[in-house]
Amino acid sequence: MRIATWNINSVRSRIDRALALLEREDLDVLALQETKVKDAAFPTAPFLEAGYQVAHTGHSQWNGVAVISRVGIADVETHFAGQPPFGDPAAIEARALGATCAGIRVWSLYVPNGREVTDPHYAYKLEWLSQLQAASAGWLAADPSARIALMGDWNVAPLDTDVWDPSFFTGKTHLTAPERDAFAAIERGGYQEITRRFLPAEHTYTYWDYQRLSFPKNSGMRIDFAYVSPALAQQTAGVTILRDERKGKGASDHVPVILDIQD
DNA sequence: ATGGTTGCTCTGCAA
């Protein structure tokens, strides 16, 4: 069983890369973030033709999350309990989708960016993570044997060595103590961040900005992670970050992260 | 050359 997460940065502009990824990497489940499309315009047909089912939520050109699966999709939720609204009028954004695939509860998560520490979006980000902590802790408390994956774009770099140059982020978001505390708090619910357990090397990135020649200079960030429940951690045999997916014309700014699960 | 983005949608916004 292979489960991946990928901030695709527009599913319509990268549908060919997505289909090639599913085939080449023999993926059973793919959690997508930033699909940037409303539900009605999601390109479902090509995934169905490839043998996958689709669960998606998208309300506008922003955000949008999906779970693509060839091992079934059940009990779809398009937000988690307590997920805070944002904007005017305030609304729950398309940033979380839960679906059960072959007995594994997969959550595709797109944590708010935060923008600037003085921006209301930053407080929203912290509240969003806080509510996710409460909700996810509850899921595991209700069933300690549950197999749960919380995967996606967390928009937090937990360590200074998760970025090319911490000084670049002075006064910016993603590295602040409140963000890191909110990210680490997910552990209190009983989850462990499994990608670093298998890939502990410093400066192992999952994202390179389109600007400033970030990829050629390897000015990257590690902000895509997978927290898994104890039962799922026990079954996880490996993690792969597909760095090569950042190469070439038409790449997303993020690359996929794959979990190998023993059946 | 001292810079060097992309996508959605429509001209500015978000990342």
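The figures that follow rest on heavy atoms only: side chains count, while hydrogens, waters and symmetry mates do not. Chain letters run A, B, ... following the sequence lines, proteins first and then strands; every chain starts at 1.
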Exercise. Among A:Thr5, A:Asn7, A:Thr206, which residue meets the side chain to side chain donor-acceptor pair (under 3.5 Å) test with A:Asp153?
Worked result: A:Asn7

For this session: Rounded off to whole Å, could you give me the CD-to-C1' distance for the A:Gln61 and B:dG12 pair?
Result: 11 Å

Problem set entry | Ring geometry between A:Phe169 and A:Trp164 (parallel below 30°, tilted from 30 to 60°, perpendicular above 60°) | perpendicular

Exercise. Quick one: A:Glu93 CD to B:dC13 P, roughly how many Å, whole number?
Worked result: 17 Å

Exercise. Looking only at atom P, what distance separates B:dT9 and B:dA14, rounded to whole Å?
Worked result: 14 Å

For this session: Compare the minimum distances between each of B:dG4, B:dA14, B:dT5 and the side chain of A:Gln211, then state the nucleotide with the smallest one.
Result: B:dT5

Exercise. Does A:Ile148 reach the side chain of A:Leu232, with side-chain heavy atoms less than 4.5 Å apart?
Worked result: no

For this session: Please check the phosphate of B:dC8 (OP1 and OP2 only) for any side-chain N or O of A:Ser10 closer than 4.0 Å.
Result: yes

Problem set entry | Atom-pair distance (NE2 on A:His174; P on B:dA14), nearest Å | 15 Å

Exercise. Are the aromatic rings of A:Tyr227 and A:Phe183 close, with centres under 6.0 Å apart?
Worked result: yes

Problem set entry | Nearest-angstrom distance, C1' atom, B:dG7 to B:dT11 | 14 Å

Exercise. Whole Å only: how far is the NE2 atom of A:His59 from the P atom of B:dT9?
Worked result: 15 Å

Exercise. Among A:Ile241, A:Val239, A:Ile258, A:Thr204, which residue meets the side-chain contact (heavy atoms from CB on, under 4.5 Å) test with A:Thr195?
Worked result: A:Val239

Exercise. Across the strands shown, which category fits A:Tyr110 at heavy-atom distances under 4.0 angstrom: base, sugar-phosphate, nothing?
Worked result: sugar-phosphate

Exercise. Does B:dT6 have OP1 or OP2 sitting under 4.0 Å from an N or O in the side chain of A:Arg14?
Worked result: no

Exercise. Heavy atoms under 4.0 Å, any strand shown: does A:Lys217 hit a base, just sugar-phosphate, or nothing?
Worked result: base

Exercise. 5'-most contact on DNA chain B: A:Glu34 or A:Ala251, nearest heavy atom basis?
Worked result: A:Ala251

Problem set entry | Out of B:dG4, B:dA15, B:dC8, whichever nucleotide has its closest atom nearest the side chain of A:Arg212 | B:dG4

Exercise. When you compare B:dT6 with B:dC10, how far apart are their C1' atoms, in angstrom units rounded to a whole number?
Worked result: 16 Å

For this session: Return the value, rounded to whole Å, for the distance between atom NE2 of A:His254 and atom P of B:dT6.
Result: 15 Å

Problem set entry | d(CG, A:Asp224; C1', B:dA15) in whole Å | 13 Å

For this session: Considering just the side-chain nitrogens and oxygens of A:Arg115, establish if one lies under 4.0 Å of OP1 or OP2 belonging to B:dA15.
Result: yes

Problem set entry | Pairwise 5' ranking along DNA chain B for A:Val11 and A:Asn7, keeping only the more 5' one | A:Val11

Seminar exercise, completed: A:Asp253 CG to B:dG7 P, in whole Å, measures 9 Å

For this session: Would you check if A:Leu109 and A:Trp128 make a side-chain contact, meaning some heavy-atom pair closer than 4.5 Å?
Result: yes

Exercise. CH2 of A:Trp208 versus P of B:dT6: gap in Å, rounded?
Worked result: 16 Å

For this session: Could you tell me whether the phosphate oxygens of B:dT9, OP1 or OP2, come under 4.0 Å of any side-chain nitrogen or oxygen in A:Arg12?
Result: yes

